[in-house]
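What follows is a single structure, written as structure tokens, with notes after it.
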Number of protein chains: 2
Amino acid sequence: MEKHQLIIDATCDLIAENGLQATPISSVAKEAGCGAGTIYRYFETKEELIEAVYLSLMERFTSACLENLDRTASVREQLNTIWLNLYHYMREVPRDALLLDQLSVAPAISAELQERGKRDLKTTIDPIFTRGRQEGSIKDIPDDVLGVFVYGGISTLLRTDRNAPCVVPTVVTDDMLLSICWGAIEKRD
Amino acid sequence: MEKHQLIIDATCDLIAENGLQATPISSVAKEAGCGAGTIYRYFETKEELIEAVYLSLMERFTSACLENLDRTASVREQLNTIWLNLYHYMREVPRDALLLDQLSVAPAISAELQERGKRDLKTTIDPIFTRGRQEGSIKDIPDDVLGVFVYGGISTLLRTDRNAPCVVPTVVTDDMLLSICWGAIEKRD
DNA sequence: AGGAACAGAATGAACGTTCATTCCGTTTTA
DNA sequence: TAAAACGGAATGAACGTTCATTCTGTTCCT
């Protein structure tokens, strides 16, 4: 495998396990099986490495969320797919869920980088919300608000469970989760 | 004011503004108007200081959320009060919202400390959920799941807005917010 | 005077980053 | 073809900086 990617992977593992401020370059080098100096052949600074880690993480989230998405299906079916994809990915790959928690408060992650990381997902989801709103099945509230609220709920739920385990995985079925998510955004008369 | 509290306050301000890893003791000392050594008269280690900061933060959140709570009111009214209190507090005191973001991924904050920080709030809210469930107005889903989901939605919404401002404060009315929160947890037939 | 409280310089460990050197595969030369 | 020359990837010891913590002399209070 490419050294570039090897270094990124090692950094992902270490930050998820130990946190950002407990992940010195020296330990990344050891984990990646190279010398510390080598890392600086691929990344000018540690900050740049972190940025690369963040973008690779967001790519994985994006493709996980969009997996098996049938873009001809109904609004409801499409959102169900995306939300369950997100929920399952975060449960199955806690490393990436932990990593996202760490990076979302890292000073190295600027506002534009965040925007870049979310762009692909947003350009898929926002039209679904828009359509749902036109069809009258979704509340008249901006895309961002609806999307972010649901995302925040799911991610916080799983984060809490990671800290004090055993509540969520055994109790929250897919149906429950979707009922909560839909309740939040659904328009009722 | 007590030096003890002065040091905690200075630390709150600096962590909220600069992040935890950009808040050395030396800068806390300067902000608090004392020498670095003085801090160690009140806190044995920096970690202990961070723990005190966290507990003081959670006290403020707790009392903000429970303000004007009428414990004889209906389930719906009580939850409305709590959620709006939370929403308004996080909007009005962004320093504390930022601080919570930083501390919730800090290694100094252990799982038990988190539990202690949330305890008072939970012992008030959980019975409200339980009652709502008995009355048939709230979904048959554990307290933790419902509470955490709503909290996560609100806090993530405001965090996102802080990074790319202007969406939320002007657009999301109290009614909208409550409609989202209630939709998530409300039982419908 | 005597002891507690305080300030800030001193200390040593840990970190990000640099750089002189080594290593290794490829190209050139005879 | 064999060996010499080359170039850039890789290395890790060394450097300068920053930080938490300690030390030491001073100030304040009673």
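Letters go in sequence order (proteins before strands), and every chain restarts at 1. Treat the numbers as computed from the prediction; the structure is a model and nothing was measured.
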Checklist line | ring pair (Phe, Tyr, Trp, His ring centres under 6.0 Å) contacts in which one or both residues fall within residues 108-161 of chain B, not counting sequence neighbours | finding: none
Margin query: Check this for me: does any side-chain nitrogen of one of B/Asp143 and B/Lys122 sit under 4.0 Å from a carboxylate oxygen of the other?
Written below: no
Margin query: Can you tell me which nucleotide in D/dA20, D/dA10, C/dA5 comes closest to the side chain of A/Thr38?
Written below: D/dA10
Item checked: Spacing of A/Leu14 atom CG relative to C/dG16 atom P, expressed in whole Å -> 12 Å
Checklist line | Residue whose nearest DNA chain D nucleotide is more 5′ - A/Tyr42 or B/Ser26 | finding: A/Tyr42
Next item on the list: Rounded off to whole Å, could you give me the NZ-to-C1' distance for the B/Lys46 and D/dT18 pair?
Entry: 11 Å
Checklist line | Pairs satisfying ring pair (Phe, Tyr, Trp, His ring centres under 6.0 Å), at least one member in residues 43-67 of chain A, at least two apart | finding: A/His4-A/Phe43, A/Phe61-A/Tyr89
Notebook entry, point to check: Just checking, any donor-acceptor pair under 3.5 angstrom between side chains of A/Glu47 and A/Thr45?
Noted result: no
Next item on the list: Round to a whole Å and report the spacing from CD1 of B/Ile39 to P of D/dT22.
Entry: 13 Å
Notebook entry, point to check: Which of these nucleotides, D/dT11, C/dT17, C/dC6, is closest to any side-chain atom of A/Cys34?
Noted result: D/dT11
Margin query: Between C1' on C/dA14 and NZ on A/Lys30, what's the gap in Å once rounded to a whole number?
Written below: 14 Å
Next item on the list: For the side chain of B/Tyr40, starting at C-beta, report the closest nucleotide among C/dC6, D/dT21, C/dA7.
Entry: D/dT21
